[in-house]
Structure formats: C-alpha cells, structure tokens
There are 2 protein chains.
Amino acid sequence: MGQQSKPAAESGTRESERRRTILRAAIDVFARKGYHGCRIADVAKEAGVAYGLVYHYFKNKDELLETVFDTGWSGFVTRVRAVVEGEGPLAEKVRGIVEVAFEAYRVDPRAVKVLILEIARSPAGSRINRQTAFVDAIRLSSALFNAAQERGELRPGLDPHLASALLFGNIEMALTAFVVGLADARDPDALERAKSQIADSFLYGVLTGAQAAETSEWKPEKSATKSKAPKRS
Amino acid sequence: MGQQSKPAAESGTRESERRRTILRAAIDVFARKGYHGCRIADVAKEAGVAYGLVYHYFKNKDELLETVFDTGWSGFVTRVRAVVEGEGPLAEKVRGIVEVAFEAYRVDPRAVKVLILEIARSPAGSRINRQTAFVDAIRLSSALFNAAQERGELRPGLDPHLASALLFGNIEMALTAFVVGLADARDPDALERAKSQIADSFLYGVLTGAQAAETSEWKPEKSATKSKAPKRS
DNA sequence: CCGCTGGTTGACTGGCGAATCACCCGCCGG
DNA sequence: CCGGCGGGTGATTCGCCAGTCAACCAGCGG
C-alpha cells in the first residue's frame, strides 16, 4: 500500500490530467488483453499519447500495474473499512460489504476485472504479491468476525479469519462469474439477486430452513475429524 | 479438454517417461515462478534434459501449460463427478467435494498452486480460457444443486448455479490462503479444520444457531430488492 | 560392419517489446 | 529577445527468450 515513489506527488488530486488518462487507458487495456498480453504501445495508443510519455509518468510497466492496483484497492478497502467500523449487527455489515463490492463492479466493471483477474500474477520476483491488497480487506473484516464471535453472533469454533476469507471467496467467485460472462451482467436484476443470495447463503447457509434447523445445534456429528481445539483467536 | 494432437500418443500410460518428467518439472517451475516468469530453459534444467527436447514433446510453451492444466483438471473433475453422481444427501456430497479438493492439495500442493494461480489468462488470444476447466466443475455440481432443490433440500429461490459457484469460491479462497502462506499448510490439523468449516459454514451459514433460527424462515425482510421471479431452472 | 531411425542435444537466430534518449515546443521570468 | 525548463514525442537500442536445426548417438536389422 502506497509508497509513493513519485517525488512531486503531493496531494492526491493534484496529479496531472495526463497521468490519469494513461491510468484509465491502462485499466482498459489490461482488462481487454491482460497485463502480459499487452504492450506499452497499446496503452499509449489507447490513451492517445506518445509512447514515451507513459515512461514519463511511470517508472516502468510494472509500476503502472502496481498503481492500477493500489488506486483500485485502496478505494475498495476504504469503503470496506467504513462498513466494518460502522454500527449494526453482523448480518447488516456482511450485506454492506457485499454491497460495496458489487457497487464497485457496477460503477467500473473493467477495473474490477483487472483487479480480480490479475491478482497474484505479479511478474514473479517483482514487488510484493498483489495478493496483499486483497489480504488487507480480508484481515480488516476478520476483525469484524472476531468481535462478532465474542458477542456470540458468530458460530463458536469457526475461525474468524477463515470466515472472512470465505466471504471474499464468495464475492470474488460471484463477480468472476460476471466478469467472464458466465452470468449475464447486463441484467441488472441478476446483480441484485446475486447480491442478496451471497449474503444470505453466507449468513444462513444453503440448506432449507427445516434441514438447517435440524442440525442447528452446530454439532453435525458426521462432520468427521478431530475438531476440538477452539483455536487461538 | 483432451484433444491429443500428439500423433502416436495412443494409450494414456504409454507416454514416454521423459515426457512425464518434463511435465512434472513444468509444474514445479510454474508453481515457483509462474508461467510468464519462467523460460523453457528453466523447465529443461529442472527436468534434467536438453532445451530442445521440450519442443520434441510439446509444440510450444503454450501447449505445455495447456497440458499441465488438462491433466490436472481432468483428474479433479473426474473425482468431483464421482461424488456428484454418488448416493447420499446434499450435505454429504458437499463434504465430499471439499474433501476431493483438499486431498488434491495434500497430495500435490504445487500442482494445485499452478491450477489455482494460473487459472484464466494465458497469452490473451490463445486457446479457450482455462477458466473453462473450473467452469466444468462448477457446472457439474450445479446439476447437483438443481436436483437438491427439487428434492427440497436446497433453499428455494437460491440459484443453483450461483450456489455451486459459491461453493467453489469458498474452496478456492481457502486453498489460496494456504497456497500463498496466509494459513499454515504444514499444520495438518489446519487443513482438517478448514475442510469441515468450509462445508459447515456453506451448508448452515456462519451465524449462531439462535440467530440463524430466528430468520430461518428464509425471508430476511431487510434483504431488499425485487426478488420475485423464482428463476428458470 | 553399415546405415537407418528416432530420441536427444544445445548453439544459434529472429523478432518482439521494454526502456532510453535526443530532440521538440510552448511558456515564463529576466 | 533569450535561455531554460518541464511536458511531450517516437525512432532507436538492446537484451531476452521462444522456437529451429544440424549434428549426435544409441540400438537394431540386414
């Protein structure tokens, strides 16, 4: 997160128009052809600027991607933080997080596409895993689950960290479905339905009320294995 | 999915020792440095063979990756299919699927790493999205959820396709946590715990029994939106 | 003993694309 | 009017790496 190596970066909004143009172009091109599948020339052409200018604003191709990630994620993480730190029961907050993610997708599907598809695919050696950004969000909300567990809202014995990961796993996979065209993103209802279904099934499970109640004691005896330790938390 | 372009391929096991050595090496190297981050020379060195030999067995780098995917996924999909087509209640099958995924990880973490991390996106234009393989598994198990819904085991109104996607989203994210070292994979208990927690929280949700029962009627009034259409199924 | 066949080798090349650099141009301050 | 400065240009350079190929070396059948 955000070591601005740019010297005269200063205030956030102060960055030149051009720089932002290039950034947008980069997002578009990455979304279309993937990071490795495009050359800087493509970005430049898309932005309508000269090849060299890209290097005026960004140290190299890598930093360009880095920046795309940082800006994209920081917005997302900020919003997630707001939800997490707000008031309300766990269920409400979970819905809030899902909402944030889907809203981001509604506003700028392409950016989300890049963020999701290009995760973890950092040019091998270079920099920290972009995964980090995602991990931030997960860690953030795992605090939420931790607190909820202490308040007794979350099933005891469930690792808050894992729960958090699962939530984002749900979100990511659902968005991926839209991103790759498995689900129809032009149907606004589909988005809405997916949203509530994600939150609901995460909170209450996928089984019918009857079935779930049956085992609701949370001791699914068939559940195998040596789960005894309550886990450090 | 298996168009064997190799001419004298014949029976599956009949492939030369060397070919398999190279494949294994490729998996190792891909896992370590990623597809784009490694050169063919690395694979050859890892396999202990000459550079050129790789090209004797594989048309090009792309086909190498392709093959890694196909072999990896086909095994996985086959096992998932077995579970799906077996007998038993939904809950049992879900546990079965989770089991399959984690077993694959236990047996060969590196292969799983490649399969997960390198999903989707190889040189943009080339071939069909590897996503396909994953999608296969999802589609397969969505039949399962469909049937379950008709038997009344699955919450009505939940899109079976989405449910399936969510399950794999859970699995993938959990495995990713291990793959990237977020969770400690050397602790065998951690694997076990994660396994049962995934299945359980997917089936019964994350809320405590009390809370869940409260809303168990499956009409979370706050759940917003215009969900009326039962959806085609 | 010869020559053929098919797996095996690794130096070599061709192209591609990231990054550089010499140069432009409009503006401002002196 | 001059000089210098910072945004802006794009042809050129340069290293890298996928993919080729000529030569090599069993083994084997004649």
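Chain letters run A, B, ... following the sequence lines, proteins first and then strands; every chain starts at 1. Here the structure is a predicted model, which is why all the values come from computation and not from measurement.
Counting only heavy atoms from C-beta outward, the side chains of B/His36 and A/Tyr35 never approach each other to under 4.5 Å. In this structure the side chain of B/Leu65 never reaches within 4.5 angstrom of the side chain of B/Lys61, judged on heavy atoms.
When distances run from any side-chain atom of A/Val49 to the nucleotides D/dT9, D/dG7, D/dG19, the shortest one goes to D/dT9. Comparing D/dT20, C/dA19, D/dG7 by their closest approach to the side chain of B/Tyr51 singles out D/dT20. Of all nucleotides listed (D/dG19, D/dA18, C/dA18), D/dG19 comes nearest to the side chain of B/Asn60. The side chain of A/Ala50 lies closest to D/dG10 when the candidates are D/dG10, D/dA18, C/dT8. For B/Tyr55, the listed nucleotide lying nearest its side chain is D/dA18; candidates were D/dA18, C/dA19, C/dG17.
To the nearest angstrom, P of D/dG7 lies 15 Å from CZ of A/Arg20. With rounding to whole Å, B/Arg19 atom CZ is found 17 Å from C/dG6 atom C1'. The distance between atom OH of B/Tyr57 and atom C1' of D/dG19, rounded to the nearest whole Å, is 18 Å. A straight line from NE2 of A/His36 to P of D/dC17 spans 13 Å, rounded to a whole angstrom. Distance A/Arg39 CZ to D/dC16 C1': 16 Å, rounded to the nearest Å. What separates CZ of B/Phe58 from P of D/dC17 is a distance of 21 Å, to the nearest Å. Between the C1' atom of D/dT9 and the CD1 atom of A/Ile22 lies a distance of 12 Å, rounded to the nearest Å. B/Leu53 has its CG atom 14 Å from the C1' atom of D/dC24, to the nearest Å.
Residue B/Arg18 places at least one side-chain N or O closer than 4.0 Å to OP1 or OP2 of C/dT8. When the side-chain nitrogen and oxygen atoms of A/His56 are compared with OP1 and OP2 of D/dG7, one or more of them lie within a distance under 4.0 Å.
Backbone-only engagement by B/Ile40 is indicated by non-hydrogen atom pairs under 4.0 Å involving sugar-phosphate atoms exclusively.
Shortest non-hydrogen contact noted between A/Ala101 and A/Leu175 is O-CD1, 4.3 Å. For the pair A/Met173 and B/Ile138, the tightest heavy-atom approach, listed with the atom from each and the gap, is SD-CD1, 4.3 Å.
Between A/Trp73 and A/Phe76, the ring-plane angle classifies as perpendicular under the 30° and 60° cut-offs.
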